[in-house]
Amino acid sequence: MAKVTLTVNGRAMAGECDDRTLLVHFIRDRLGLTGTHVGCDTTQCGACVVHMDGKSVKSCSILAVQASGSTVTTIEGLAVQGELHPVQAAFNQHHGLQCGFCTPGMVMTAVDMIARHGGQLDEATVRQELEGNICRCTGYHNIVKAVLSANEQMHGAQRQAAE
Amino acid sequence: MYATSYHRTSSVDEAVNLRASQDEGRYISGGMTLIATMKQRLAAPSDLIDLRHIAGLKGITVKGRTVRIGAATPHADVASSVEIRALCPAICNLAGMIGDPHVRHMGTIGGSVANNDPAADYPSAVLALNATIITDRREIPADEFFQGMFETALQDTEILTAIRFEAPDKAGYAKFANPASRYALTGVFVAKTASGVRVAVTGAGSGGVFRVPEMEAALGASYLPESVAGISVDPGLLMEDMHATAEYRANLVRVMAKRAVQSSL
C-alpha cells in the first residue's frame with residue numbers, strides 16, 4: 001500500500017491505495033469525486049481528463065502514486081460558490097452535450113485549451129485540440145460552439161481592451 | 001493490471017542503483033505507453049522506477065545551432081518551444097502530432113526514443129537529424145541506437161538522459177496517422193545539412209525506423225519533392241496489418257517523403 005497526498009480542488013487530501021491504483025479510481029473511489037468518468041479505460045476517449053499541476057492529463061493512464069504531491073483540479077473544482085465556470089455555462093447554453101458522459105472531460109479539456117491558446121482559438125484549432133476526447137452523441141458541433149463561445153466570454157473583453 | 005511496486009527517484013544514480021537491484025523492474029517516465037501496456041497485462045514489471053521527477057532530465061537548451069532536449073521533457077514542451085522552432089520547426093511540428101494534448105502533457109521524448117515503438121514519431125526525427133543519444137554512461141549515434149522493433153542499444157539499467165542534435169539547414173516531417181490511434185501508419189522525416197540529406201521512415205518498417213539511401217542520394221542531388229517521386233521501397237521490408245498492406249505503406253513512404261520535403265521548402 002502507498003500513501004498518496006494530493007491537493008484536489010484546493011483542499012489537501014490523502015489516502016492509501018495499491019501502487020497499481022489509477023489516479024481516476026483514486027479520485028472516484030477514495031476521494032468520492034465521481035464527476036471524473038472512466039469511459040474507454042484505454043487512453044482514447046478523454047472522459048477522465050483532469051488537470052494535474054495545471055495541465056490536462058488522462059487520469060486513467062496515470063497511477064495515483066505517480067501523481068502524489070501534485071495539485072489536481074477535477075470537474076467539481078471549476079464552479080465557484082455555485083456559479084458555473086464560463087466553460088460549463090457555455091456547454092449549458094449551447095447544448096454541448098446529450099447524454100453527458102464525456103462532458104466532464106470535454107469541459108476540463110476546453111478549460112486547458114482556452115488557457116494555452118490565450119484567446120487565439122478558431123474552429124479548426126478547437127476541432128484539432130479535441131482529438132483526445134470522444135463524444136458519441138453530439139457530432140461535436142455544439143461542443144465546438146460552446147468552446148468558442150466560452151473563449152470569447154473569457155478573452156473577448158480582454159482583447160477589446162487591448163485594441 | 002498486475003501488482004507492482006512504485007519508486008520515485010530524485011537522481012539518475014539513485015534510479016540506476018535501484019534498477020540494478022531488481023530483475024523485473026522498469027523505468028517509467030510519462031508512462032503513456034507503459035501504463036496502457038500494463039493495464040492490458042502485456043507488461044508486468046515487478047517495480048516501476050519513476051524518472052519524471054529528476055530535475056536534471058528535464059528542459060531544453062539551445063547553444064548556437066546545437067539543440068539538447070532532456071529525456072524527461074514532455075512532447076508539449078518541445079511542440080511549443082520558441083527556441084527550437086526558430087532552428088528546426090519540423091521537430092516541434094512532429095511533437096505536436098503525437099497522440100493528443102493530454103498525452104503530450106505526460107509523454108516524454110526519452111520515453112518514446114527508449115521504447116522505440118515501430119510506429120512512434122520521434123525515432124524518425126532522431127535518425128534523420130543524425131542526433132546523439134546521451135545516456136548516464138555514454139553517447140550513442142542514432143545510426144547505432146535503433147536496432148529493430150522495440151530494440152535499442154540501451155543496456156538493462158542504462159538511462160537515456162538527453163537527445164542532442166545540430167539544427168539542419170532544412171527539415172520536414174509528414175505523417176499519415178492511423179485514424180484511431182494517431183500513431184504513424186507511415187511517417188517520414190527529411191533533414192538537409194551541409195553533409196547531405198537524411199530520410200528516415202517510421203510506422204512502416206518491419207524492423208522499426210529505417211533510412212532510405214536512394215531517396216537521400218536523389219535529394220542530395222536535387223532537394224525537391226519530385227526527386228523522390230520515382231523511388232520506391234521494397235514492400236518485402238515493410239509491415240502489414242489490418243490497417244494497411246505492405247504495398248500501401250510502400251506508397252505512403254513515397255507520398256510522405258514528398259510532403260516532408262515540400263513542407264521544408
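To find a chain, count down the sequence lines: A is the first, B the second, and so on, and within it residues start at 1.
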Atom [atom1] of [X]: over 12 foreign heavy atoms under 6.0 Å:
X        : atom1 : answer
B:Lys258 : NZ    : no
A:Arg136 : CZ    : no
A:Lys55  : NZ    : no
B:Arg259 : CZ    : no
B:Gln155 : CD    : yes
B:His53  : NE2   : yes
B:Glu240 : CD    : yes

Short side-chain to backbone donor-acceptor contact, B:Arg182 and A:Glu131, under 3.5 Å: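 No; zero donor-acceptor contacts below 3.5 Å.
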Over all atoms of both residues, closest heavy-atom pair of [X] and [Y]:
X       : Y       : answer
B:Ala36 : A:Thr43 : CB-OG1, 4.2 Å
B:Tyr6  : A:Val65 : CG-CG2, 3.4 Å
B:Tyr2  : A:Arg20 : C-NH1, 3.4 Å
B:Ile28 : A:Gln66 : CD1-NE2, 3.7 Å
B:Thr4  : A:Asp19 : O-CB, 3.1 Å

Any side-chain heavy atom of [X] within less than 4.5 Å of one from [Y]?
X        : Y        : result
B:Gln40  : A:Thr42  : no
B:Met1   : A:Leu63  : yes
A:Leu22  : B:Ile35  : yes
B:Arg8   : A:Ser68  : yes
A:Arg116 : B:Pro101 : yes
A:Ser61  : B:His102 : no

For [X], is it the side chain, the backbone, both, or neither that has a heavy atom closer than 4.5 Å to a heavy atom of chain A?
X       : result
B:Leu48 : side chain
B:Met32 : side chain
B:Ala76 : neither

Examine whether an atom of [X] lies under 4.5 Å from a heavy atom of chain B, and if so say whether it belongs to the side chain, the backbone or both; otherwise answer neither.
X        : value
A:Met113 : neither
A:Asp41  : both
A:Thr21  : neither

Max heavy-atom pair count under 4.5 Å with chain B, selected residue of A:Cys60, A:Gly69, A:Ala2: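 Counting heavy-atom pairs under 4.5 Å, the top option is A:Cys60.
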Contact winner vs chain B - A:Gly132, A:Ser56, A:Gly46, heavy-atom pairs under 4.5 Å: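 Highest number of pairs under 4.5 Å: A:Ser56.
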